[in-house]
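Quick notes on the structure that follows.
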Amino acid sequence: MAKPYRIDVHHHPTPVLELMGGRVSGSPGIKSWMAAVSLEDMDKNGVATAILSMPNRAAVWRAGDQARNRAMARQWNEFMTRQATDHPGRFGVFAAVPIFDIEGSLREAEYALDVLKADGITLMTNMGDKWLGDPHYFPLFEELHRRKAVVYTHPISADCMQNMLPDVDDSVIEFTADTSRAIARLLFSGAAHRFKDIGFIFSHAGGTMPFILERFTRHALSDKTLAERVPDGVIAYLQRFYYDTAQASHPSAMASITEFVAITQFLFGTDFPFRNAADHVSGLNACGFSEAELDAIECGNAQRLLPRWR
C-alpha cells in the first residue's frame, strides 16, 4: 500500500460514553474502543491522521453542575491527547469545552489550545436548546476569533425533538436538520459575520442546508434587519465554512453542495467507528471528482486549515 495520506476530521473515540452519561450501543468498536481499533481501519484505507472529537452521545453536559462538567471536559481532552502522544502523527484533537459554563469553556479552551496543543474546539450544534450563534456563545467566540481557531461542529438532537419517531434513531433525520438550524442561527444572529476568523467545520456536508439553500437566501431578503446581519450575502458566508464528507460521500449529497461551495472547503470525514473509512473512500471515488479534487478533499484542504499536519 502507498504511504497513508488521508486526514480524517470526523473520528470519535468512544470509551467513556457511559461515564459521560451517554448511550453505549452498536458494534464492538463502539462499545470497547481503543486506539488499535481506529488504527486498523486507518491503515487499511490510507488514512494517515484522524482528528479525535467527542461523540455526540457523550455530550451530556449537566446544566448547573459546573464542577462535574469542567472535570469531564478536562478528563476527555487529556484522554484524547494521550492517544495522540502514544501514537505520534496518527491522532489530532478537537477539544471539548463545558459549554453551559462560558467561564469554564474559556479556561478549558485556553488549556487545550496552549498546553495540550489541540487542533481546535468541538461544539455541538446546540446544547440546552441554545444553537450556535446564540449570544450565549459570544464570549467564547470572541476568543476563538482572536486566535483564528478552528471550531468543529457535530449535530445533536434538540431537547424538544428527541425520540420523535418509533424505530427511527435521531441520527437518521434530526442530526442533519440540527446542523441546518445551527448554520441558520450563526447567519441570522450576525455571528457568522462578526466572527469571520473562526474556521467553522460542519459535519455531514452541511446536513439539510444545501437542499433548503433558497429558503436561507430568501429569508435574508424578507427583513432589512436580517439582511444587515449578513451584509456579504448568505452565500458568501456559506462558502467560507468548511464541510466534512462523513456519511455524505455519495453523488447525491456532493452534487448538491458542490454547486455553490468550492472544493477548497471540503474535508475528508468518516464518522468512525459508527462508519468506516472504506465506505467514504469508495463513495468519494464514485462522485466524479478529478484526482486533484480528491487530493484536496482527502488531505490538501485539511493541511491548509490545520497546518501542523502538513
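None of these values were measured; they are calculated from a predicted model.
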> Stepwise, does the side chain to side chain donor-acceptor pair (under 3.5 Å) test hold for N301 with Q265?
Replying inline: CA-CA 7 Å; N301 297 337; Q265 305 308 109; over 6 Å; no

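The aromatic ring centroids of F141 and F200 lie less than 6.0 Å from each other. Separation of the Y152 and Y242 ring centroids does not fall under the 6.0 Å cut-off.
Under a cutoff of 6.0 Å and an axis angle of 45°, R82 and F79 do not form a cation-pi pair. Figure legend: R62 and F100 shown without cation-pi pairing, the cationic atom not lying both under 6.0 angstrom from the six-membered ring centre and within 45 degrees of its axis.
A salt bridge links D232 with K196; the closest basic N to acidic carboxylate O contact falls under 4.0 Å. Checked for salt-bridge contact, E174 and R181 meet the test: a charged N lies under 4.0 Å from a carboxylate O.
A donor-acceptor contact closer than 3.5 angstrom is absent between the side chains of W131 and T125. With hydrogens and angles left out, the side-chain atoms of H204 and D271 include a donor and acceptor closer than 3.5 Å. A donor atom on one side chain and an acceptor atom on the other are found under 3.5 Å apart for T208 and S180.
Nearest heavy atoms, P139 versus L106: O-CD2, 3.8 Å. Across F138 and R194, no two heavy atoms sit closer than the pair CD2-NH1, 3.1 Å.
Both W76 and F91 belong to a common hydrophobic cluster when Ile, Leu, Val, Met, Phe, Trp and Tyr are linked at side-chain heavy-atom distances under 4.5 angstrom.
Side chain of T81 to main chain of L116: no donor-acceptor pair is present (N/O by atom type, distance under 3.5 Å, no hydrogens or angles). A donor-acceptor pair under 3.5 Å is formed between the side chain of R304 and the backbone N or O of T264.
In summary, of the residues considered (H11, H10, R6, Q247), a side-chain contact (heavy atoms from CB on, under 4.5 Å) with T270 occurs for H11 alone.
Within a 6.0 Å sphere centred on CZ of F211, heavy atoms belonging to other residues, nucleotides or ligands number 12 at most.
Aromatic ring pairs are classed by plane angle as parallel below 30°, tilted from 30° to 60° and perpendicular above 60°; the pair H219 and F188 is perpendicular.
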